[in-house]
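See structure below.
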There are 2 protein chains.
Amino acid sequence: MAEELRTLVERLKAVSHPLRLRVLSLLELGELCNCQIAETLQVPASSVSEALRELRRAGFVAERKDGRWVFMSLVSRELASPFLKGLLEEAAAVPELQQDRARALAVRALAIPVVCSKVQRDAPTEREAARV
Amino acid sequence: MAEELRTLVERLKAVSHPLRLRVLSLLELGELCNCQIAETLQVPASSVSEALRELRRAGFVAERKDGRWVFMSLVSRELASPFLKGLLEEAAAVPELQQDRARALAVRALAIPVVCSKVQRDAPTEREAARV
DNA sequence: AGTATATATCGGAAATTAGCGAAATATCAT
DNA sequence: ATGATATTTCGCTAATTTCCGATATATACT
């Protein structure tokens, strides 16, 4: 049970990154699939996928596959950890993350296929116009 | 009061580092000077100084100068932050950090000049022999 | 089978960070 | 002032991380 220093550092590094922190914060709303997150945050799907991989590696999120979609959610055991609980509490007060969450709610209100077919999956559509 | 995403990420990055996390953990015992930390952790004084600089930049620690010594301590306001509180709670259970703290208590029991004159201040004395 | 779509992985250039000895700075002691 | 000592900054290489388009893989639909 006793956690290693290295493990704790890896967990910290996993969340010390703007995109990964934004994704983590979104998942507090409940499970989301890659494309919902990509659409919400207006970033390439491959970047979201990489962010999720790191968060999974650190043990924060788990995946549930359903057909071609992969839904990610926070691991409840982690949610009980003092560190993550404190971090999310602090994150809840960050304006940018609040805006992300508001967008996510709007995105989640749509049917997934509708959302996902809109996602810029690599073509440099309008990344520049990514106003929050 | 509202914290920026970037600020939160910088705070996280500051502690996502083995040495910096060890130093932060030590400071929970109370204020310590650079050489006490260097002696406790058996690392070069310049590395400790850099670690402290980052922790200070992130707002976690403050300095109190007293003659040629600079005593560092945790900022009490930060200690109240949910994130740092959670992190320290988790850190308290990490064996390596527990050992560090035990060493720090022993080091602190000695007079500072005695401790500091022993510190390898750059000469590669016996860094290899750094058994915990 | 073939097409479409969702996600993951790869490649690789650019940026950032780590680590530590050497040198600089600051303060005390004589 | 000279020397000793505590701390910081500098220089610089190596290692790591970031980012995203391209490519690969997986599943669904027809």
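It should be emphasised that the depicted structure is a prediction, and the values quoted were computed from it without experimental measurement. These values consider heavy atoms only, across backbone and side chains, with no hydrogens, waters or symmetry-generated copies. Protein chains get the first letters and strands the later ones, always in sequence-line order, with residue 1 at the start of each.
- Taking atom CD of B:E63 as the reference point, atom C1' of D:dT7 lies 10 Å away to the nearest angstrom.
- Where A:E10 and A:S47 meet DNA chain D, the nucleotide closest to each residue was compared, and A:E10 sits on the side nearer the 5' end.
- In this model, the phosphate group of D:dT7 is not approached by any side-chain N or O of B:S49 to a distance below 4.0 Å at OP1 or OP2.
- Under the salt bridge (Lys or Arg N to Asp or Glu O under 4.0 Å) criterion, A:R20 pairs with no residue, sequence neighbours left out.
- A side-chain contact (heavy atoms from CB on, under 4.5 Å) with A:R108 holds for exactly one of A:E39, A:R103, A:Q36; it is A:Q36.
- In the hydrophobic clustering, A:L105 connects to A:L29, either directly or through intervening members, whenever side-chain heavy atoms lie under 4.5 Å apart.
- At C:dA8, none of the side-chain N or O atoms of A:R57 fall inside 4.0 Å of OP1 or OP2 (strictly under the cut-off).
- Atoms CD (B:E50) and P (D:dT8) sit 10 Å apart, rounded to a whole Å.
- Contact detail for B:F71 and B:C33: the closest heavy-atom pair is CD2-N, 3.8 Å.
- Residue B:N34 contributes atom CG, which lies 15 Å from atom P of C:dT27 at whole-angstrom precision.
- Phosphate contact (OP1/OP2 of C:dT17, side-chain N/O of B:R53, threshold under 4.0 Å): absent.
- The interatomic distance linking B:R20 (CZ) with C:dG19 (C1') rounds to 12 Å, in whole Å.
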Pairwise N/O distances under 3.5 Å, protein to nucleotides 24-29 of chain D:
none

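- Here the shortest heavy-atom pairing between A:V115 and A:V107 reads CG2-O, 3.6 Å.
- Regarding A:K13, its NZ atom lies at a distance of 11 Å from the C1' atom of D:dA15, rounded to whole Å.
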